[in-house]
Amino acid sequence: MLKGLGGMADMAKMMKAAQDMQTKMAQLQEDLKSIKVTGESGAGLVKATATAKGELTALDIDPSIFNAKDKEVVEDLILAAIKDAQAKAEARARDEMGRIAESMGLPRDMNLPL
């Protein structure tokens, strides 16, 4: 009978750990909305800022690149800056997830859902 009680205590610990993880994941979702990353292209001529959730929040374009003849180049630079910001946002989100996993005794590279 005592063995059964030990199992229940282990189950209670697991449930508590799951609740803690759920709380930390919810907080992370909120934190990712306020963490900013900046991607750039053209040696900084175009900068795109996004949240770590990947939401584009700002675009900064150096006026020196505006020239009707270079329209396609400017468009490419803008897309490149946005893609860079999105990649940085994804990397930052993974890093934040790794911190949470580590804090719970899990492997840092464990692929937890965001």
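Taking both residues in full, the closest heavy atoms of Thr38 and Thr49 are given as OG1-OG1, 3.3 Å, listed atom of the first, atom of the second, then distance. Of all heavy-atom pairs between Ala48 and Ala85, the closest is O-CB, 3.4 Å. Minimum interatomic distance between Thr51 and Thr57 (heavy atoms only, all atoms of both residues): CG2-CG2, 3.8 Å. The shortest non-hydrogen separation linking Asp84 to Glu40 is OD2-N, 2.9 Å. Looking at every heavy atom in both residues, Pro107 comes nearest to Ala101 through O-CB, 3.5 Å. For Ala93 against Ala52, the heavy-atom pair with the smallest separation is CB-O, 3.8 Å.
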Could you walk me through whether Ile78 and Leu59 pass the side-chain contact (heavy atoms from CB on, under 4.5 Å) check? CA-CA 8 Å; Ile78 292 169; Leu59 191 59; 4.1 Å; yes
Would you sort out whether Ile82 and Leu56 count as a side-chain contact (heavy atoms from CB on, under 4.5 Å), showing the intermediate values? CA-CA 8 Å; Ile82 291 170; Leu56 187 64; 4.0 Å; yes
Lys53 and Gln29: CA distance, side-chain angles, deciding distance, side-chain contact (heavy atoms from CB on, under 4.5 Å) verdict: CA-CA 8 Å; Lys53 293 252 332 157; Gln29 291 295 325; 2.6 Å; yes
Using salt bridge (Lys or Arg N to Asp or Glu O under 4.0 Å), reason through Arg99 and Asp95 one step at a time and then give a plain yes or no. CA-CA 6 Å; Arg99 278 189 326 98; Asp95 184 55; 5.3 Å; no
With side-chain contact (heavy atoms from CB on, under 4.5 Å) as the criterion, how do Arg92 and Glu96 come out once you've worked through the C-alpha distance, each side chain's angles and the decisive distance to 0.1 Å? CA-CA 6 Å; Arg92 181 64 186 265; Glu96 295 295 323; 3.0 Å; yes
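Atom NZ of Lys47 has 12 or fewer heavy atoms from other residues, nucleotides or ligands within 6.0 Å. Counting non-hydrogen atoms of neighbouring residues, nucleotides and ligands closer than 6.0 angstrom, the CD atom of Glu102 exceeds 12 such neighbours. In the displayed structure, Glu75 atom CD is contacted under 6.0 Å by more than 12 heavy atoms of other residues, nucleotides or ligands.
The side-chain contact (heavy atoms from CB on, under 4.5 Å) with Leu45 is formed by just one residue from the set Ile61, Asp62, Val74; it is Asp62.
Using a cutoff of 4.0 Å between basic side-chain nitrogens and carboxylate oxygens, Lys24 and Asp20 are not scored as salt-bridged.
Partners of Gln27 according to the side-chain hydrogen bond (donor to acceptor under 3.5 Å, both in side chains) rule, which considers only residues two or more places apart in sequence or in another chain, are Asp31.
Cluster annotation: Leu32 and Ile100 are assigned to the same hydrophobic cluster (Ile/Leu/Val/Met/Phe/Trp/Tyr, side-chain heavy-atom contacts under 4.5 Å, transitive). Leu79 and Leu77 fall into different hydrophobic clusters, where Ile, Leu, Val, Met, Phe, Trp and Tyr are joined by side-chain heavy atoms under 4.5 Å apart, directly or via other members.
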